[in-house]
Engineer: 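One structure, as structure tokens, below. Some questions next.
By convention in this document, chain letters (A, B, ...) are assigned in the order of the sequence lines, proteins followed by strands, and residues within each chain are numbered from 1. Every heavy atom of this structure was used, including side-chain atoms; hydrogens, water molecules and symmetry mates were not.
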There are 2 protein chains.
Amino acid sequence: MIHDREQKYDGTVPAAVTVDLVIFTIRDAALHVLLIRRGKPPFEGEFTLPGGFVRVGENLDEAALRELEEETGVDGRTLHLEQLRTFGDSGRDPRCRTYTVAYLALGPDLPIPVAGTDAREAHWVPVSTALSPTVLHAFDHAEILKEGLDRARAKLEYTTVAAAFCREPFTLADLRHVYEVTWGFPLDPSNFRRKVTKAVDFVRATGEFRSLEVGRPAALYRRGQAENLFPPMTRADHNS
Amino acid sequence: MIHDREQKYDGTVPAAVTVDLVIFTIRDAALHVLLIRRGKPPFEGEFTLPGGFVRVGENLDEAALRELEEETGVDGRTLHLEQLRTFGDSGRDPRCRTYTVAYLALGPDLPIPVAGTDAREAHWVPVSTALSPTVLHAFDHAEILKEGLDRARAKLEYTTVAAAFCREPFTLADLRHVYEVTWGFPLDPSNFRRKVTKAVDFVRATGEFRSLEVGRPAALYRRGQAENLFPPMTRADHNS
DNA sequence: CATGTTTAGGTCATTGTGACCATAGCTATC
DNA sequence: GATAGCTATGGTCACAATGACCTAAACATG
């Protein structure tokens with residue numbers, strides 16, 4: 001099938017391909033990322049992004065889904081999953097040329113990750129902690145995490161992925177918290193409500209309500225069909 | 001360096017990695033994409049996206065730049081180049097598992113591609129032609145092209161990449177033509193001018209003018225420093 | 001029943017937008 | 001040299017969207 005290329009395999013070496021995942025969720029009013037911590041020497045205590053090799057006969061998306069389910073024990077089809085970028089600097093691994101296809105996954109407060117074997121444990125780590133230069137050592141994982149965070153923040157503006165963080169049914173306050181926690185600054189509840197409900201098919205009212213311990217009951221919503229958000233949610237004044 | 005993964009190379013096969021480029025430019029008031037046509041049998045006359053294998057010790061971006069320069073004879077550093085997505089379906093190539101990292105390149109009306117050898121020729125093909133199902137046969141190249149087009153169209157909205165299509169210095173009409181040709185519908189010249197000049201550092205006036213054969217001379221501009229466009233250019237009413 | 005808390009919804013001045021219109025400044029032609 | 005034709009530039013105006021507020025509704029608690 002590679003029929004009209006001059007190059008064949010000359011000049012290339014076999015390469016190994018992995019997928020790495022940046023899995024975000026919201027816990028305790030903070031954005032968290034799933035990291036894998038090695039429990040035994042060598043490299044005890046070091047964190048990496050979850051990931052692994054793509055297997056024979058497996059698509060990239062399938063590999064990402066499999067890793068996602070292995071690490072979180074959750075059905076990946078209920079999450080938002082998209083490709084971030086492929087990192088392939090020569091020199092990432094001395095033994096073999098390796099590429100990693102980075103994925104971004106967004107989901108509602110996920111179950112505690114499956115109990116780790118004694119060799120590796122999955123942990124939800126606050127993103128602010130994970131970004132600290134002392135936490136992520138491996139490869140270019142810090143860079144991947146930063147890019148995933150930038151992508152997630154940007155996509156909240158002009159797409160409806162924010163709803164992927166919310167378990168259905170959800171309140172508008174739940175949805176607003178997604179924006180506030182991801183962007184790091186508060187939004188006006190009233191103006192937020194106006195934008196979300198006026199946007200075309202971002203959310204759909206269920207007609208039901210949720211009574212928390214305090215305050216007026218909140219109307220419950222489900223995700224709409226729209227993928228793009230128009231008009232977009234702006235964060236221009238707080239752009240960093 | 002792959003130190004905290006359970007999997008080693010078990011269950012994986014060596015893979016070959018290529019880069020493929022979607023190179024857009026504007027010629028004769030239409031969006032064109034660079035395609036490679038095979039001049040000799042077998043597969044004579046078939047078109048593919050330009051691309052090739054990543055070489056030893058070469059970054060992905062470097063490989064994309066090299067292919068870009070090989071096919072167009074242009075200094076790739078003057079173009080906008082960004083990664084699109086990695087395509088890696090098993091079964092793309094029966095001989096060996098192959099992945100292709102697709103890149104999107106945007107540039108001003110580029111020189112006629114380098115004269116092809118008798119085996120392969122580079123051609124500027126109108127995108128409307130290239131999207132026709134009879135043109136692109138190889139692999140998933142039609143899908144890659146479509147995704148590149150979608151990405152380019154979307155990025156015109158909220159980034160300043162449109163200016164990458166314009167050779168400096170350019171007029172606001174030049175810039176507007178980029179939007180019109182890429183999006184496929186006309187924009188009001190007056191409102192376009194207002195948005196572009198009010199946006200923060202999208203373009204900078206040079207103080208000079210260009211006299212075409214007809215009409216009032218147009219002020220000349222250069223690209224500003226801004227990467228994101230605020231407020232964004234909207235195309236909501238024409239969304240397809 | 002008063003108070004606190006959260007949701008729901010309204011007001012209003014300001015800004016951005018889309019659809020126009022008018023003028024400026026050039027070339028080509030009569 | 002006047003005029004027509006053309007494009008660039010700038011302005012108007014009604015309307016929509018936005019941000020900063022404010023008020024009321026609907027619950028729980030003491």
Engineer: In whole angstrom, what separates B:Arg235's CZ from C:dG18's C1'?
Structural biologist: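 Going from B:Arg235 (CZ) to C:dG18 (C1'), I get 18 Å.
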Engineer: Nearest whole angstrom, please: distance from the P of D:dT18 to the CZ of B:Phe230.
Structural biologist: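 Rounded to the whole Å, the gap is 10 Å.
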Engineer: Do we see a donor-acceptor contact under 3.5 Å between the side chains of B:Tyr158 and A:Tyr158?
Structural biologist: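 On atom types as modelled, these side chains qualify, holding a pair under 3.5 Å.
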Engineer: Give one of base, sugar-phosphate or nothing for B:Lys195, where a contact means two heavy atoms less than 4.0 Å apart.
Structural biologist: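 Here B:Lys195 touches the backbone only, sparing every base.
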Engineer: Distance check needed: D:dG10 C1' versus B:Leu172 CG, whole Å only.
Structural biologist: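 Distance check: B:Leu172 CG to D:dG10 C1' gives 13 Å.
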Engineer: Determine whether the side chains of A:Tyr221 and A:Asp174 contain a donor N or O and an acceptor N or O closer than 3.5 Å.
Structural biologist: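 Their side chains do not contain a donor-acceptor pair, so the 3.5 Å distance test is not met.
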Engineer: What is the distance from CD of A:Glu208 to P of C:dA8, rounded to the nearest Å?
Structural biologist: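 Atom-to-atom, A:Glu208 to C:dA8, this comes out as 14 Å.
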Engineer: Between B:Glu180 and B:Arg176, does any NZ, NE, NH1 or NH2 come within less than 4.0 Å of an OD or OE carboxylate oxygen?
Structural biologist: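 Looking at B:Glu180 together with B:Arg176, the answer is yes, because their closest N to O distance falls below 4.0 Å.
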Engineer: Please list, by residue number, the residues of residues 162-171 of chain A whose heavy atoms come closer than 4.0 Å to an atom of DNA chain D; answer none if no residue qualifies.
Structural biologist: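 Residues of residues 162-171 of chain A under 4.0 Å from DNA chain D: none.
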Engineer: Can you tell me the distance, in whole Å, between the CZ atom of B:Arg193 and the P atom of D:dT12?
Structural biologist: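 B:Arg193 atom CZ is separated from D:dT12 atom P by 16 Å.
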Engineer: Can you name the one residue among A:Leu172, A:Asp188, A:Leu187 that meets side chain to side chain contact (heavy atoms under 4.5 Å, CB included) with A:Arg193?
Structural biologist: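 So, applying the side chain to side chain contact (heavy atoms under 4.5 Å, CB included) to A:Arg193 and each of A:Leu172, A:Asp188, A:Leu187, only A:Leu172 qualifies.
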Engineer: In whole Å, I'd like the distance from the OH atom of A:Tyr158 to the P atom of D:dA17.
Structural biologist: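 Going from A:Tyr158 (OH) to D:dA17 (P), I get 21 Å.
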Engineer: Residues in side-chain contact (heavy atoms from CB on, under 4.5 Å) with B:Glu143, at least two apart?
Structural biologist: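 Checked B:Glu143 against side-chain contact (heavy atoms from CB on, under 4.5 Å); matches are B:Arg85, B:Phe87, B:Asp140, B:Glu147.
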Engineer: Which nucleotides of nucleotides 22-27 of chain C have their base under 4.0 Å from a protein heavy atom (B), which only their sugar-phosphate (S), and which neither (-), written as one string 5' to 3'?
Structural biologist: --BBBS
Engineer: Please state how far atom CG in B:Asp188 lies from atom P in D:dG11, giving the value in whole angstrom units.
Structural biologist: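 For the pair B:Asp188 CG and D:dG11 P, the rounded distance is 15 Å.
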Engineer: Using a 4.5 Å cut-off on heavy atoms from C-beta on, say whether the side chain of B:Thr182 contacts that of B:Val178.
Structural biologist: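 Result yes, sub-4.5 Å side-chain heavy-atom pair found.
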Engineer: On DNA chain D, does the nearest nucleotide to B:Arg176 precede the nearest nucleotide to B:Asn191 from the 5' side, or the other way round? Give the residue.
Structural biologist: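 Closest to the 5' end, via its nearest nucleotide, is B:Arg176.
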Engineer: Salt bridge check, B:Glu70 against B:Arg66: does any charged N sit closer than 4.0 Å to a carboxylate O?
Structural biologist: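 Salt bridge: yes.
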Engineer: Which is it for B:Glu46 and B:Arg37 under the salt bridge (charged side-chain N to carboxylate O under 4.0 Å, His left out) test, yes or no, and what are the steps along the way?
Structural biologist: CA-CA 6 Å; B:Glu46 285 203 3; B:Arg37 193 165 78 115; over 6 Å; no
Engineer: Return yes if the base of C:dG10 and the side-chain atoms of A:Arg194 contain a donor-acceptor N/O pair under 3.5 Å, otherwise no.
Structural biologist: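 Side chain to base: no pair present.
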Engineer: Which of the following nucleotides, C:dA8, D:dT9, C:dG16, is nearest to the side chain of B:Pro189?
Structural biologist: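 Of all the options, the side chain of B:Pro189 is nearest to D:dT9.
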Engineer: For the residue pair B:Asp109 / B:Thr25, report whether a side-chain donor-acceptor contact shorter than 3.5 Å exists.
Structural biologist: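 Distance-only check fails for B:Thr25 and B:Asp109.
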Engineer: What's the CZ-C1' distance between B:Phe209 and D:dT7, to the nearest Å?
Structural biologist: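 Rounding to the nearest Å, CZ of B:Phe209 and C1' of D:dT7 are 14 Å apart.
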Engineer: Please tell me which of A:Ser190 and B:Ala219 maps to the more 5' nucleotide of DNA chain D, matching each residue to the nucleotide holding its nearest heavy atom.
Structural biologist: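 Closer to the 5' end of DNA chain D: B:Ala219.
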